[in-house]
Asker: 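One structure, pasted below without further comment.
All figures in this text were calculated on a predicted structure; none of them were measured in a lab. Counting starts at 1 for both ligands and their atoms, following the listed order.
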Amino acid sequence: MCGIIGVAGSAGGTREVLLDGLANLEYRGYDSAGIAVDGGASRERNAAARGGIDVAKKEGELSALRRALVGETIDGSVGIGHTRWSTHGPPSDRNAHPHTDGAGRVAVVHNGIIENHESLRTELEAKGVAFSSDTDSEVVPHLIAEALARGADPEAAFREAVSRLDGSYALAAIVEGAGAIFAARHDSPLVLGIGDGANYLASDVPAFLEHTRDVVYLEDGEFAVLTADAWRVEDASGEPVEKEVQTVEWSAEQTGKSGYDHFMLKEIHEQPKALRGCLRGRVDELDGCVAVEGLDGLEAPAEVQFVACGTSYHAALYGAYLLGDAGVATAAYLASEYATSQPPLSPDTLVVGITQSGETADTLSALRKARGRGAETLALTNVVGSTAARECDHVMHLRAGPEIGVAATKTFSSQLVGLNLLIEELLPDASRGDVRELVSALRDLPAQVQEVLDDSRAADVVDEYFGAKSFFFVGRGVHYPVALEGALKFKEITYEHAEGFAAGELKHGPLALVTAETPVFAVVTGDGENARKTIGNVKEVEARDAPVVVVTDGVSDAAMYADSVLEIPAVHERTAPVLANVQLQLVAYHMAARLGRAIDKPRNLAKSVTVE
Ligand code: F6R
């Protein structure tokens, strides 16, 4: 999704800060990038020339923008930058942000969607305003310019423009000569970075992490004004809002690649550490009990509804399986379908939003609907201070560390572990078996993940099946979400056709697709009923000549029916999905690497999906 960076710095030289900030936001996914600067060198230069704010923007990778800036003296003491992920109008130089008014005195970057942009555009065009892009965002600089022309000061002009907007927005604007950034938030994240001699603003903390770790999260309806040495936040009526400055734990180093070719591979290898982070201080090995900070006041719910999207939805399916097993009424909903499903809510229903970023618009909307209908809500998220974390009644943090690769990896593993902890905290008898057994299984898991990472044959398997037509993934019970996740990861970063199925569903339709050219990955652990039945399904595809790869712990004889085997240690039923999934993450990664795909920024996708 689109990314925003802004800097107000007295020393000038904001251009490189903006470009580096945009590079830090690349992981969100984008198709064009741009910056606008004012003050300092830019102002002197422009005073002598045409006047106005300097803007540079380019379709494509950030490198295209950097190339366009070679030899240009563009720089200034305040600036804003943007990476765009198209919603209104195709990717192009003209549709890239920042957008300006006709005179180039105002520049604006925007994340979100202005729903009433058409009527505003018609109104402005009727007054003679000429538009230079197809975007919804361009109405904003024109509205600000109009208010300036009527004599409003820059801050009042910005506020007036914002008051005309319907929809969702994180907005940042600069006005020629004002020496400040004006910002507003509604349904799209915006965070301030409080520095020494410079203040920052971004859609996401990693944008400015090398400059400051002191942050202030804006809430919906708030406005901010930043200068080099001051910042303030006000509500919609202009009243000052006291904001807490929080220090984020993530370091700039954590958000680098640390020698790995891709963030995704780095994050796959960070899983042992991420899981230790999630477990730290939450399990008592002596007593065999679980205690999640901040959740002790939460009553055991009679029913749990999960809402989530994509990978997080697969974690929700796993969570629903655990709760169902414990006899608790539960369902996992795709967040984008939750409003239409309108499932009945009782006073004892807990609605759990699983969201790595805490900013996914569909999930936030489902949580808000649930709250609006009186349900208690809980966010299971990786991002401290995210919208989900702030809006829900309760929050549990994953503590997986920053995830930069668009494909979720370590956060999925952490979600599965986090769900075990959450469910034990809420319903101490949920494990049905020995809680100590579960606690010790969770304790051993990081080392077992390391073992899988060290010994995986995933790269060889990829060599064997390179060039196949389609790839299918099947599993049962707790391994059904793993099959779905294996297929999602695979299609997302390889761009090859992949589907995940409940193993038992193959014969109800998908089997028609199975041929010698469609490898089937089957997850089989233990030797219980699910394993036996999945082996039966493996035989069905084998009989149709499909190559079979089993991900197995070797407890059953599944390997006998397989062409290739990806081994995992024999572990607790609840932790086996994490290990099996690590093998499938590596399969997806190695296939994508062999195909030369843009692994960290798959085409058309974004890390944090802030539109519904
Ligand atoms: C896939 C992936 C997405 C996200 C989904 C929800 O690898 O990352 O499917 O899981 O967009 O994102 P969050 O968890 O941030 O709500």
Asker: Do F501 and F472 make the cut of ring centroids closer than 6.0 angstrom?
Answerer: yes
Asker: For atom 11 (O) of ligand 1, which protein heavy atom lies nearest, and how many Å away is it?
Answerer: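 Here the nearest protein heavy atom works out to V609 CG2, 4.1 Å.
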Asker: For the residue pair G477 and N530, what are the closest heavy atoms and their distance?
Answerer: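 Closest approach of G477 to N530: CA-ND2, 3.8 Å.
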Asker: Considering only non-hydrogen protein atoms, determine which one is nearest to atom 14 (O) of ligand 1 and report residue, atom name and distance to 0.1 Å.
Answerer: S312 OG, 2.6 Å
Asker: Residue-level breakdown please: for E492 versus ligand 1, do any non-hydrogen atoms fall below 4.0 Å on the side chain, on the backbone, on both, or on neither?
Answerer: side chain
Asker: Indicate, with yes or no, if the rings of F471 and H497 have centres closer together than 6.0 Å.
Answerer: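 Judged by ring-centre distance (under 6.0 Å), F471 and H497 do not meet the cut-off.
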Asker: Can you list the ligand 1 atoms lying under 4.0 Å from a non-hydrogen atom of K489?
Answerer: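 So the answer, numbered in order with elements, is 1 (C), 7 (O).
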Asker: Which atom names give the shortest non-hydrogen contact between V417 and L445, and what distance separates them?
Answerer: CG2-CD2, 3.5 Å
Asker: Are any of the N/O atoms in A407 less than 3.5 Å from those in ligand 1?
Answerer: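 N/O-N/O distance under 3.5 Å: no.
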Asker: Of all residues at least two apart in sequence or in a different chain, which pass the side-chain hydrogen bond (donor to acceptor under 3.5 Å, both in side chains) check with K489?
Answerer: T311, E485
Asker: Write out the residue and atom name of the closest protein heavy atom to atom 12 (O) of ligand 1, then the distance separating them to 0.1 Å.
Answerer: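 Going atom by atom, the protein heavy atom closest to atom 12 (O) of ligand 1 ends up being T360 OG1, 3.4 Å.
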Asker: What residue and atom, counting heavy atoms only, is the protein's closest point to atom 2 (C) of ligand 1, and at what distance?
Answerer: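 Nearest neighbour among protein heavy atoms for atom 2 (C) of ligand 1, to 0.1 Å: T311 OG1, 3.7 Å.
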Asker: Would you please indicate if the ring centroids of Y169 and H110 are separated by under 6.0 Å?
Answerer: no
Asker: Purely on distance, is any nitrogen or oxygen of T355 under 3.5 Å from one on ligand 1?
Answerer: yes
Asker: Please identify each residue that fulfils ring-ring contact (aromatic ring centres under 6.0 Å, His included) with Y480, with sequence neighbours left out.
Answerer: none
Asker: For atom 15 (O) of ligand 1, which protein heavy atom lies nearest, and how many Å away is it?
Answerer: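 Checked against all protein heavy atoms, atom 15 (O) of ligand 1 sits closest to S357 OG, 2.7 Å.
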Asker: Tell me: protein heavy atom nearest atom 5 (C) of ligand 1, and distance?
Answerer: C309 O, 3.6 Å
Asker: For K243, I'd like to know if atom NZ has over 12 heavy atoms of other residues, nucleotides or ligands within 6.0 Å.
Answerer: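 Correct, the count exceeds 12.
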Asker: Considering only heavy atoms, does V406 approach ligand 1 within less than 4.0 Å through its side chain, its backbone, both, or neither?
Answerer: backbone
